[in-house]
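Keep in mind the model is a prediction, meaning the values are calculated, not measured. Whatever order the structure lists them in is the order used to number ligands and atoms, beginning at 1.
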Amino acid sequence: MADLQALSTAIEAGDRTTAVRITGEAIGEGVSPQTILDSMTAAMAMVGARFSANEIFVPEMLISARAMKEAAALLEPILVKAGIRPEATAVIGTVQGDLHDIGKNLVAMMWRGANIEVIDLGTNVPAQRFVDAAREHGASIIGISALLTTTMVGMKDVVTAVRASDLRDVKIVLGGAPVTAEFAAQIGADGHATNAAAAVDLVEGFRV
Ligand code: B1M
């Protein structure tokens with residue numbers, strides 16, 4: 001049976017070969033994607049705690065992130081519904097100044113699995129780029145991710161740029177570890193989700 005504790009340990013250690021192998025085994029055994037993701041995110045939480053405690057530094061965080069990304073990529077074909085006409089289009093990106101993308105990528109993956117076409121703008125995305133991309137692709141959802149307390153304030157610039165534009169009825173959804181529901185309400189966003197599954201529930205609520 002796939003050892004999910006060893007999966008967490010491998011991601012924490014930045015051992016991508018082992019992380020990918022165990023993820024493949026778990027998928028083969030029919031372990032749910034959410035259970036596998038939980039082991040991966042637990043590892044990243046541990047990496048963050050060790051970084052805060054000065055036990056590891058940016059390079060170690062990077063190799064753990066790379067291991068998680070490679071292992072999580074194996075889950076995408078399971079989560080994404082193929083060949084079905086999308087019910088909505090979303091534009092997603094990490095706010096300007098911020099390079100964290102693992103959580104944003106998970107949200108993109110889960111939205112695709114919920115039959116939403118997702119245009120991923122990547123990281124370090126300026127406010128106007130969200131507006132331009134939403135207009136270009138006819139998106140009804142804009143998703144913004146931020147992992148730093150210093151960059152989350154830039155989410156307000158995106159909300160301001162969207163509200164000042166000709167985009168009507170576009171829902172703006174925020175997420176990322178430092179972001180709270182209070183902050184989302186305060187800057188005029190339409191919603192906030194604490195994890196990728198909640199981000200799906202949130203946008204499905206907009207569509208009913
Ligand atoms: Co960074 N980093 N980092 N880092 N890093 C944090 C965020 C930190 C909390 C670590 C710590 O100190 N404990 C800290 C922020 C402190 C703060 O602001 N309060 C921090 C710091 C300080 C920094 C640097 C400044 C370090 C430095 O250079 N001195 C630097 C900043 C670079 C920059 O962005 N300009 C930096 C750099 C990096 C790496 C590049 C090395 C790497 C990122 C690699 C990558 O993403 N490609 C990295 C990593 C890996 C982390 C930690 C360890 C892990 C983040 C992660 O991927 N988590 C992180 C510590 C932590 O989070 N505990 C940390 C797993 C991921 C699945 O969770 O992203 O929270 P998360 O996403 C969740 C939810 O938040 C939510 O759903 C996701 C899935 O459940 N969600 C959304 C996210 N986006 C959403 C959008 C939505 C809805 C939900 O709707 C649109």
Side-chain angles (χ1 to χ4, degrees), residues 8 11-14 16 19 33-73 75 79 88 90-114 116 118-125 130 134 139-155 158-159 162 170-181 183-184 187 189-206:
S8 286
I11 288 178
E12 221 186 301
R16 44 190 175 141
Q34 191 57 55
T35 304
I36 301 171
L37 276 177
D38 287 347
S39 301
M40 295 181 181
T41 48
M44 295 311 287
M46 187 54 74
V47 169
R50 294 184 62 209
F51 176 77
S52 294
N54 289 322
E55 289 171 15
I56 59 166
F57 301 95
V58 171
E60 287 93 339
M61 276 207 287
L62 258 179
I63 56 167
S64 291
R66 197 173 54 182
M68 165 143 187
K69 270 184 163 181
E70 286 191 18
L75 295 171
L79 293 171
V91 159
I92 193 168
T94 304
V95 74
Q96 188 158 32
D98 200 321
L99 302 175
H100 297 84
D101 67 355
I102 296 177
K104 182 263 301 165
N105 294 346
L106 289 180
V107 174
M109 220 186 264
M110 301 281 274
W111 277 355
R112 288 189 182 112
I116 296 169
V118 179
I119 314 299
D120 189 343
L121 303 178
T123 60
N124 189 24
V125 181
F130 283 97
S140 56
I141 302 157
I142 293 179
I144 323 167
S145 182
L147 262 287
L148 300 172
T149 46
T150 48
T151 57
M152 65 184 266
V153 290
M155 291 173 142
V158 184
V159 175
V162 173
V170 171
K171 302 290 188 192
I172 305 176
V173 175
L174 311 185
V179 181
T180 62
F183 175 76
I187 67 169
D190 297 292
H192 153 265
T194 52
N195 58 54
V200 172
D201 293 343
L202 184 64
V203 297
E204 286 188 336
F206 294 146

With sequence neighbours excluded, tell me which residues meet side-chain contact (heavy atoms from CB on, under 4.5 Å) with N124.
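Partners of N124 by the side-chain contact (heavy atoms from CB on, under 4.5 Å) criterion, ordered by chain and then number, come out as Q96, L99.
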Does [atom] have a protein heavy-atom neighbour under 4.0 Å away?
| atom | value |
| --- | --- |
| atom 78 (C) of ligand 1 | yes |
| atom 24 (C) of ligand 1 | no |
| atom 8 (C) of ligand 1 | no |
| atom 27 (C) of ligand 1 | yes |
| atom 59 (C) of ligand 1 | no |

So is [X] polar-close to ligand 1, meaning N/O to N/O under 3.5 Å?
| X | value |
| --- | --- |
| G48 | yes |
| W111 | no |
| I144 | no |
| G97 | yes |
| D101 | yes |

Could you go through L202 and H192, starting from their C-alpha distance and side-chain angles, then the distance that decides it, and tell me whether this counts as side chain to side chain contact (heavy atoms under 4.5 Å, CB included)?
CA-CA 8 Å; L202 184 64; H192 153 265; 5.7 Å; no
Which of the ligand 1 atoms, numbered from 1, are nearer than 4.0 Å to a heavy atom of [X]:
| X | answer |
| --- | --- |
| S52 | 11 (C), 12 (O), 13 (N) |
| V173 | 90 (O), 91 (C) |
| G143 | 91 (C) |

Using a 4.0 Å heavy-atom cut-off, say whether [X] meets ligand 1 through its side chain, its backbone, both or neither.
| X | answer |
| --- | --- |
| L106 | side chain |
| L174 | backbone |
| V107 | side chain |
| T41 | side chain |
| T123 | neither |

Taking a cutoff of less than 4.0 Å between a non-hydrogen atom of the residue and any ligand atom, is P178 in contact with ligand 1?
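Outside the 4.0 Å threshold, so no.
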Salt bridge between R50 and E12, side-chain N to carboxylate O under 4.0 Å?
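Judged by the 4.0 Å cut-off on N to carboxylate O distance, R50 and E12 do form a salt bridge.
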Hey, is CE on M46 packed in by over 12 heavy atoms from elsewhere, all under 6.0 Å?
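For M46, atom CE is not crowded (no more than 12 foreign heavy atoms under 6.0 Å).
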Could you give the side-chain donor-acceptor pairs of residues 141-153 under 3.5 Å, partners two or more places apart or in another chain?
| from | atom 1 | to | atom 2 | distance (Å) |
| --- | --- | --- | --- | --- |
| T151 | OG1 | D98 | OD2 | 2.7 |
| T151 | OG1 | L148 | O | 3.2 |

Closest by any non-hydrogen atom to atom 87 (C) of ligand 1: pick that one out of G175, P59, A90, A43.
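Looking at heavy atoms only, the winner is G175.
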For atom 69 (O) of ligand 1, which candidate among I102, V200, V58, L147 holds the nearest heavy atom?
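Answer by nearest heavy atom: L147.
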What protein heavy atom is closest to atom 42 (C) of ligand 1, reported as residue, atom name and distance in Å?
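Nearest neighbour among protein heavy atoms for atom 42 (C) of ligand 1, to 0.1 Å: H100 CD2, 4.2 Å.
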